[in-house]
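First comes the structure, then the notes that go with it.
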Amino acid sequence: MMEVSENNPDDAFFIGKTKEYLELHEQVETSTNLLGELETFLSTFQTDLSAVSGQISDLQSRSREFDAKLKGRRKIERPLSLLLADLAIPPELALLILDNNVNEAWISGIEELEVKLDTIQQRTRVKAAKDLSEVAEGLRIVAATKIRLFFLGLMQPIRATVSTNMQIIQTSVLLKYRSLVGFLQRRAPKVATEVQRAYIGAARSYYETAFRRYARSLGYILARDPPKSQLITTSPSDASKADEQGYDWSRLDYAQIEGPPVTLAYMADDKTYKQPVEALFRSLMLVLMDNATAEYNFINSFFNPAAAPMTMTGAPLMSPTFDDRRTDIGSVLELPMSPVRTRPLLSMEEQQAAENETKKALDLVWKQVMETALEYCKTMLISCWQPTPPEIIPLLTMMRLNENVLVEIQKRACTPFESFVVELRLSMWPIFQKEMNTQIESLKKLLEGASGGLLTKSTLKDSVVERVSRAYGTLFAAFISLSEPSEEAMLFSNLGRMRPEIAQIIITHGNKIKDSRQQAVYLSMAYENVLHSAMSGPFSNTHPKAQAEMSFWREKEENARKRIMLRSG
């Protein structure tokens, strides 16, 4: 080892720097210690940083999870809100049904309740729907009970007295609450059937008593001037002013629906009041038609499960008043009820079959309401030609009215009423044919007795020939006025059998005149008499049958005039 000498300049330099070197050494050691501590700190920090990084990653994962859940919640928020709104029963709806009687507010309230019932039924797997099902069922039962009592109360005045305006109750009250009946048909079929049965009983009693009284009043009037059959060859002993002046053509107006006013029941109280048989027949037919078709229209709009509320038009001609009650309905065919609004779609064939079944059921309801009233009307109507048929023209007038009523019924689509009118037609045609045969036979007998014999005197006189000729002409004019193209052949075939007999009677009676000129004058006047009577009716002379008839008698009249000219020369 080298010794340090103070005399050496280099050593002296270093010895002089010793203090600085020692301080530097201490600083180095201090820095080394600090670096060691920093290394330890950094190592710990790195460990902590790794832990924080893991926590941040976990937080990021949780944040992404929360974002996904938030998006899911937002996605189902609107459907869930709508579902809760659909399922929830508003307190005001529950209070309306539980605390209030049926009124106009129930119309919209019941519709809302049925929507809730449908929704709850469709969401049976939803817990909220299960919780509400018992509440909804309770409201359904209460609603059905109150609606039943409401309709039974409305029908009580109909059952009690016919001074009640039936049509006002139907159009202004019952049809307004048609939706409540639909609710019963879908949600409480047994209650709906009970309401239907109650209506049938009330309406049946109403119409039965009304038409019994009305038909009885018309019967009183008919008895004052009963129908009588009069042969064309006999002279009426009580010839009226109308007989002397010719047939009262205004009576043909009774063959039309639009025409004279009908006879009302109170008019029978006047002991002097009389009407021809065809007028009484028309009154009853029109009153029955209007009431029957209006009732059919109401039944189809009120009890049809698929029908929407309808407004009935046209007031019945009869507004009867009475206060007693008759029969109640014993049985009723239940209408097919549509279960719920969510029923499966049906094929065209199935829909048509369902509609046909509903129509049959509704037709039966109408028949049960009207059947007893129809029986009273039928008895009265048949009495217009039985046991003694009226004269030919009144009978034909009633037949024509019956056909016009049938056409009107078909326009109004009241199919079950058609059979009643057709039955009347089938009853009248044989009577008409029999009466025409009787008239023709009477002409033949008159012709047989025209020549007389050794022990008998001729029954043919000028007055008889004139009356028979005029009667034939009047009959022809009435046939032209009352005929329809579909029936012309049947009607005029009878006149075709009658015309030769009339012509032969005129010729036979004319042959009794010895003077040939006077004979020709008589024939000319007789033919002119027939022609004048035949053309006096309210019809157009352009009718083919009228043209043919005029040609026939004019030819005979012209031949008679030629004979006059020859005899005069």
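Just so you know, these numbers use all the heavy atoms, side chains as well, and skip hydrogens, waters and symmetry mates. Remember, predicted model here, so these are calculated numbers, not experimental data.
- Atom OG of residue S172 and atom OH of residue Y177 lie 11.5 Å apart, to the nearest 0.5 angstrom.
- With S205 contributing its side chain and A202 its backbone, the two residues share no donor-acceptor pair below 3.5 Å.
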Q) Stepwise, does the side-chain hydrogen bond (donor to acceptor under 3.5 Å, both in side chains) test hold for Q352 with N356? A) CA-CA 6 Å; Q352 187 62 44; N356 291 339; 3.2 Å; yes
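- Relative ring orientation between Y199 and F298 is described as tilted, the plane-to-plane angle lying within the 30° to 60° band.
- Here the options are L34, V28, L35, the test is side-chain contact (heavy atoms from CB on, under 4.5 Å), and the partner is T32; only V28 passes.
- In this structure, E295 CD and M166 CE are separated by 4.5 Å, a value rounded to the nearest 0.5 Å.
- Atom OG of S108 and atom CG of L96 lie 7.5 Å apart (nearest 0.5 Å).
- Looking at residues two or more places apart in sequence or on another chain, you find a side-chain contact (heavy atoms from CB on, under 4.5 Å) between R425 and N402, E403, L406, V422, W429.
- With sequence neighbours excluded, the residues that form a side-chain contact (heavy atoms from CB on, under 4.5 Å) with S483 are E488, L491, F492, H543.
- Side-chain atoms of S63 never come within 3.5 Å of backbone atoms of L59 as a donor-acceptor pair (strictly under, hydrogens ignored).
- Between E137 and R140, at least one side-chain N (NZ, or NE/NH1/NH2) sits under 4.0 Å from a carboxylate O, which counts as a salt bridge.
- Using a distance-only test at 3.5 Å, with no hydrogens or angles considered, a donor-acceptor pair links the side chain of R282 to the main chain of I257.
- Remark: A279 pairs with Y254, Q275, P276 by the side-chain contact (heavy atoms from CB on, under 4.5 Å) rule, at least two apart or across chains.
- We find the NZ-CG distance between K359 and N304 to be 11.0 Å, quoted to the nearest 0.5 Å.
- Considering CG of L381 and OG of S427, their distance stands at 10.0 Å, rounded to 0.5 Å.
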